[in-house]
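Protein chains get the first letters and strands the later ones, always in sequence-line order, with residue 1 at the start of each.
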Amino acid sequence: MAESRKHELIQPRTLKGFRDFQPREAGAREELIDRARAVFHSYGFAPIDTPALEYLEILQGKGSEETDKQMYQFEDAGGRRVGMRFDLTVPLARFAAQHIGQLGTPLKRYHVATVWRGENTQRGRFREFMQCDFDTIGTDNLSSDIETALVIHDLFLALGFEDFRIHLNNRKVLTGLLETLGLAEHATAILRALDKLAKIGAEKVQAEIVAATGTEPQAAEQVLALCQLTGTNAEILDAVTELVADSETGRRGAEELRRLLAALDAVGVPEARVKLDVAIARGLDYYTGTIFETFLGALPDIGSVCSGGRYDNLAELYTKQQLPGIGASLGLDRLLAAMEELDMLTSTETPAVAFIPLFDEARLHDYLRLAAQLREAAICVEVYPLPKKLGQQLKYADRRGHRVALILGDNEFAASECQVKDLATGEATAVPLEENAASLIAAIRGLVE
RNA sequence: GUGGCUGUAGCUCAGUUGGUUAGAGCACUGGAUUGUGGUUCCAGGGGUCGGGGGUUCGAAUCCCCUCAGCCACCCCA
């Protein structure tokens, strides 16, 4: 040992914004993804994957100036300019342009993968993080918008949330209003200001709009009026419809919202979980119709945990084929943080419910054979790898979160039975050992459920 | 990228106006008549005080740089 310490030790550390996941955290994340995946599958969304690295020209200038600056890029060993994906939307656009001919439309896919952004870190904001997107592309029919909302609704139920609210808006409403006010060209700046409404208040937003666009305060006030409507969804919808009556685009937006709300109601989504909210804008300016943001009732401050919307033309930079679509992104990191805070994570350090102490090393083959039988019955089981004292092995099993220990020593083998010990209560019951281990399997299942 | 705050054992922190071998709790490892854990008792391992440089007789304590974390702006998942 002393020999090996002669060299300088390298300080183990991770890059800014990059992090390790310990078993508990990684387990929680995988469980979350598993549940989301089950919901996607239930609607017929199929998985895809794309490379982490793309030709730089594919990624550059696609998100915004900001994402260009934040993109990790370099020259590979073959002299190619490459970039690491900073979201899953741009790769999807490239993917669709390249393969839509074979796949046909509409294409429903989901994509859970790591993305990278070299931006400044903050709590809940990292340089390497995972996105979980699902999209329906190749159709502009409103039924896809409806389905997207239903998927979002089911996602949160599947994750164990009861108290959440999907905020709905339609970009056409605001666009329509801005058209009638002659402010269409300032849409982006105004949206950006509106996004801060909840944070900085109406007065400051109005001031920011006036400052950014040089428009009259009255016009800014009208924009704000649209965003500050209160009441039931039906009341807000009526008021919105009236405010945008002069604009063809605005009227269509209001109509789409009306149909969307009606459909969700018809399917049985509780009104309390849906909120017509004309103030949500999403920073991104590529959305053109329906917009979603989702907030947790218990933790509204962490922001939207599932956002998305409709876009007119996903892949126009890569193909002449018009590909409208709609999709949303589940905020895995935020959700994980929220679930941690709300104590909703059940993940333990071990995925194995059962634990077999290596009590008598001479019996290793028996232990391994038994473990194999349990695994065949879909019971995850770990055999301790060294013959320590039983007490120490049980301590290990307890710490790791195993639910049941199967104790098998000379006495048990002689009596042809197995001690099934519930690690939560400490109670042990003797179960007969059989050729097919049926009683044992039943006993473990009985304890675990 | 800009501004502010922070950084002592795996974790949470103590370390007085700079002064001798840097501490505690929890965790970890081993033990308490060698077949039963989560309680107790005993012992032990583990820190060049984030890293580097400077001031000083002497620095965890003061200064500079750097790295990392947190907060705000920005933007967003």
Dump every N/O contact between nucleotides 43-45 of chain B and the protein below 3.5 Å, one line per pair.
none

Output one line per pair: protein atom, nucleotide atom from nucleotides 29-32 of chain B, and distance, for all N/O pairs under 3.5 Å.
{"from": "B:G30", "atom 1": "OP1", "to": "A:K388", "atom 2": "NZ", "distance (Å)": "3.0"}
{"from": "B:G31", "atom 1": "OP2", "to": "A:Q392", "atom 2": "NE2", "distance (Å)": "2.4"}
{"from": "B:A32", "atom 1": "OP2", "to": "A:K389", "atom 2": "NZ", "distance (Å)": "3.2"}

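Evaluation of the ring pair (Phe, Tyr, Trp, His ring centres under 6.0 Å) rule for A:F164 yields A:H153, A:F156 as partners, not counting sequence neighbours. For the ring pair (Phe, Tyr, Trp, His ring centres under 6.0 Å) test, no residue two or more places apart in sequence or in another chain qualifies with A:Y311. In terms of the salt bridge (Lys or Arg N to Asp or Glu O under 4.0 Å) criterion, A:K421 has no residue partners (sequence neighbours excluded). The ring pair (Phe, Tyr, Trp, His ring centres under 6.0 Å) check on A:H111 picks up nothing, with sequence neighbours excluded. When the salt bridge (Lys or Arg N to Asp or Glu O under 4.0 Å) test is applied to A:R85, no partner is found at least two apart in sequence or on another chain. Residues passing the side-chain hydrogen bond (donor to acceptor under 3.5 Å, both in side chains) test with A:E162, sequence neighbours excluded: A:R273.
Under the ring pair (Phe, Tyr, Trp, His ring centres under 6.0 Å) criterion, the residue pairs touching residues 400-431 of chain A are A:F355-A:H402, with sequence neighbours excluded. Applying the side-chain hydrogen bond (donor to acceptor under 3.5 Å, both in side chains) definition to pairs two or more places apart or across chains, those involving residues 32-46 of chain A are A:E31-A:R35, A:D34-A:R37, A:H41-A:Y110, A:Y43-A:D154.
Scanning RNA chain B for stems, defined as runs of 3 or more consecutive Watson-Crick or G-U wobble pairs whose donor-acceptor distances all fall under 3.5 Å, gives the following ranges: B:1-7 with B:67-73, B:10-13 with B:23-26, B:28-32 with B:40-44, B:50-54 with B:62-66.
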*Going 5' to 3' through nucleotides 1-10 of chain B, assign each nucleotide B (protein heavy atom under 4.0 Å from a base atom), S (under 4.0 Å only from sugar-phosphate atoms) or - (no protein heavy atom that close).*
BB--------

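For A:F292 and A:H167, the gap between ring centers reaches or exceeds 6.0 Å.
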